[in-house]
Amino acid sequence: MRFVLVIATLLTFVNVHAQTGIIKGSLKNKINNEPIGFANIAIPGTSKGATSDIDGNYTIDGLAPGLY
């Protein structure tokens with residue numbers, strides 16, 4: 001029984017430790033609603049960022065939980 005409790009505790013710790021966040025979005029021109037391709041997106045205070053694709057879509061992953 002103790003072995004099962006230890007395994008369950010370790011698996012819970014691994015899941016909690018591995019939690020990361022993802023920010024997804026798309027960039028569009030406010031005037032004509034066309035996508036903005038190849039724009040740089042950066043999160044201030046981190047080394048995380050991305051570049052939008054030709055359709056204006058971007059994804060930034062590997063973020064610690066929090067407000068950005």
Side-chain angles (χ1 to χ4, degrees):
M1 180 66 181
R2 183 175 177 186
F3 178 73
V4 173
L5 183 59
V6 170
I7 296 298
T9 303
L10 289 175
L11 290 175
T12 302
F13 176 73
V14 169
N15 287 338
V16 170
H17 181 67
Q19 290 180 349
T20 59
I22 297 173
I23 296 176
K24 293 181 181 182
S26 62
L27 302 173
K28 297 193 182 234
N29 187 322
K30 192 175 185 178
I31 297 170
N32 58 12
N33 209 28
E34 290 184 6
I36 301 174
F38 310 107
N40 292 323
I41 300 97
I43 300 176
T46 70
S47 62
K48 301 288 185 176
T51 301
S52 63
D53 63 12
I54 196 165
D55 296 320
N57 301 315
Y58 66 92
T59 302
I60 304 172
D61 57 358
L63 298 169
L67 297 175
Y68 295 98

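None of the values given here were measured: they were computed from a predicted structure. Quick note: numbers below take in every heavy atom, side chains included, and nothing from hydrogens, waters or symmetry partners.
- Across all their heavy atoms, Ser52 and Gly37 have their closest contact at OG-C, 3.5 Å.
- No side-chain heavy atom of Tyr58 sits under 4.5 Å from any side-chain heavy atom of Asp53.
- The CD1 atom of Ile54 sits 13.5 Å away from the CD1 atom of Ile36 when rounded to the nearest 0.5 Å.
- Considering only heavy atoms from C-beta on, Asp61 stays 4.5 Å or farther from Thr20 through its side chain.
- A donor-acceptor contact shorter than 3.5 Å links the side chain of Asn29 to the backbone of Ile31.
- Residues passing the side chain to side chain contact (heavy atoms under 4.5 Å, CB included) test with Ala42: none are found, sequence neighbours excluded.
- Between Leu27 and Asn57 there is no side-chain heavy-atom pair separated by less than 4.5 Å.
- The CD1 atom of Ile23 sits 5.5 Å away from atom CD1 of Ile60, with the distance rounded to the nearest 0.5 Å.
- Contact annotation: the side chain of Leu63 approaches that of Lys48 to within less than 4.5 Å [non-hydrogen atoms, C-beta and beyond].
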